[in-house]
Amino acid sequence: MTHYNVERWTRSGRLTVGAALAGLVVLVLLPAFASGLVIDKLTTLFIYILLAVMWNLLAGYAGLVSVGQQAFFGVGGYLALRLVDAGLPPYLALIAGAAGAGIAAIPISTFALRLKGGEFAIAMWVIAEVLRILVMFDPLVQGETGTSLLALNAYDPELRRNLTYWLGLGGLALMLAGTFWLLRSHIGAAAQAIRDDEDAAASIGIDVMRIKQIIFVLAAFGCALAGTIWLASAITFLPRTNFGVQWTVFMLFMVLVGGLRTFEGPIIGALIFFLLQEVFGNLGVWYLAGLGVVAVGFALYLPAGLWGSWQQRSGLQLLSVNVVLRKSGQSTETP
Amino acid sequence: MSSGPTTDQPMLEGSGIEKYFGAFRVLKAVDFAVAPGEAVGIVGPNGAGKTTLFGVLAGALPPSAGTVRFAGTDLTGTGAASRCRSGIARTHQVPRPFLGMSVFENTLAAARFGAGLGERAAADCAAEALERTGLMHHANRPAAALGLLDRKRLELARALATRPRVLLLDEIGGGLTEAELNLLVALIGQLKSDGLTIVWIEHILHALVRVIDRLVCMSAGAVIAQGRPEVVMADAEVRRAYLGGGVA
């Protein structure tokens, strides 16, 4: 019998991972050379990339379009505040807060994932609003007034900046690697099958609810981690800001512009968004409206996004989550 | 074409299956059973409830009443995924490929989840399903690039990759040329002699009779005749159902 090999790594894939690891080393060492301003800006960029990759994981790879991911962004920050208040060291609390939001996503998933399409999207927004209101009842948060993570003031400002930067870099690197690994596993294949046709996926033995739950919880944890890193860099916690729907608008924009359903696209989208934010960020409401118009324009006229379209045209893929079947010739070996 | 089916307990059995869509009664107390290794054909006019019966047997649709048993075990309350894993595979009348994945990835997922195989074994199983269905040369193409006929082949390949014990085929032969149909009939006959239990909904009777042991005719949500194909097709009620006259 002819035997086949499944190829998961391409040459360009190996090169890309090598380059990314080299880039990671440079970024880890960067605080020794770069100014505080650069470090702060890069921390913000890491948050954007993390958010974009998480939204793409959810919507692009599992077909779960959510407009309520700010729920986890906010809950992560809130739990971190609560844990610091309970005496946990701040940076540990930031990680534990994100993990707590990931755990909170499990019960939320059991009812949110019963809904489909637009109903799921809107339900997530409602959940985010409900959670925001609940958090505002906590005396620690003081309603609309909000609070600050004052415990971070105990650190020397430069050390604090660098620790937050490393937390953002480490969190992003781990989440990128973890997401890539998950998407290339059979779980990722199942998620894509569910995205393409849920009933057909069930008909070949895929436990639709369980797979959706895995993706949902991972994306919730990633958004919550972005929320705690944001809290560490902004210090203040304002329910209206941390639970703001603008986070989801940003995610949507980055993913649609960069390229839904590609691994690299959201990273490109986050870079573009970061630059736009630098140039137009002070224009307020008009800037947000402009983002919305551009995102809708991409959805209508360039649905594959910049990276996706370029990929279709050039045929080049840097990081593929797909597998290729190769004939390995005659063989007597049995697997 | 083969020795008669065994008369032990049925491989797959639906008893007293009722199905309502709203107030509309699509299945009326249908009793259906297929013996291990048997091949059964189902015919009937459009709207007879054939595909709905498949949905109930495969777990995609919960019955309004009745039970579904597989190899003696009651599976009525279970969903499509667990039924597939226990050995019931189906193809869809209108192909439902995973369009964002390659042809091979479609079957690989089926082997991985439906057959519960490890990574290497799943790859071999998926490749074998592609070879049997003549799709190997398309393995690394996107499923979205396939035409209708190849999508039908992919339906069959994906179902086979789940390593089923019962295969439910829903109009897999429609739209094929005579030569393609001959290949398909040969393949299904081969699957039957491999020991697979087969239920095949098909309008193309001359293809059906080359494989099946027994023919079931459905009309207006009920089984109106079953038995040897030539006897069923000669039945007065079957002729009436096909040619009209009774229920519009």
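These numbers come from a predicted model, not from an experiment. Chain naming here is simple, since letters A, B, ... match the order of the sequence lines and numbering starts at 1 in each.
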Are more than 12 heavy atoms from other residues, nucleotides or ligands located less than 6.0 Å from atom [atom1] of [X]?
X: A:R114; atom1: CZ; result: no
X: A:F111; atom1: CZ; result: yes
X: A:W181; atom1: CH2; result: no
X: B:R214; atom1: CZ; result: yes

Are there residues of residues 197-206 of chain A whose heavy atoms fall under 4.5 Å of chain B's heavy atoms? If so, which?
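A:D197, A:D199, A:A200, A:A201, A:A202, A:S203, A:I204, A:G205, A:I206 fall under the 4.5 Å cut-off.
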Please list, in residue-number order, every residue in residues 207-221 of chain A that has a heavy atom less than 4.5 Å from any heavy atom of chain B; write 'none' if there are none.
A:D207, A:I211
Given heavy-atom pairs under 4.5 angstrom as the criterion, report whether the side chain, backbone, both or neither of [X] touches chain A.
X: B:R96; answer: both
X: B:A110; answer: both
X: B:E155; answer: neither
X: B:T162; answer: side chain

Shortest non-hydrogen contact from A:V321 toward B:E105:
O-OE2, 4.5 Å
If every non-hydrogen atom of A:D196 is compared with every non-hydrogen atom of B:F98, which pair is closest and at what distance?
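So the minimum-distance heavy-atom pair works out to OD2-C, 3.3 Å.
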Sort and list the pairs that fulfil salt bridge (charged side-chain N to carboxylate O under 4.0 Å, His left out) and have at least one residue in residues 69-87 of chain B, not counting sequence neighbours.
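Residue pairs passing salt bridge (charged side-chain N to carboxylate O under 4.0 Å, His left out), neighbours aside: none found.
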Counting only pairs under 3.5 Å, give me each side-chain donor-acceptor contact of residues 137-148 of chain B, with atom names and distances, residues two or more places apart or in other chains.
from: B:H138; atom 1: ND1; to: B:R141; atom 2: NH1; distance (Å): 3.2
from: B:H138; atom 1: NE2; to: B:D150; atom 2: OD2; distance (Å): 3.2
from: B:N140; atom 1: OD1; to: A:L325; atom 2: N; distance (Å): 2.9
from: B:N140; atom 1: ND2; to: A:L325; atom 2: O; distance (Å): 3.0

From the list A:H186, A:Q192, A:R261, A:R195, the residue making the most non-hydrogen contacts under 4.5 Å with chain B is A:H186
A:V324 versus chain B, heavy atoms under 4.5 Å apart: side chain, backbone, both or neither?
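Both the backbone and the side chain of A:V324 come within 4.5 Å of chain B.
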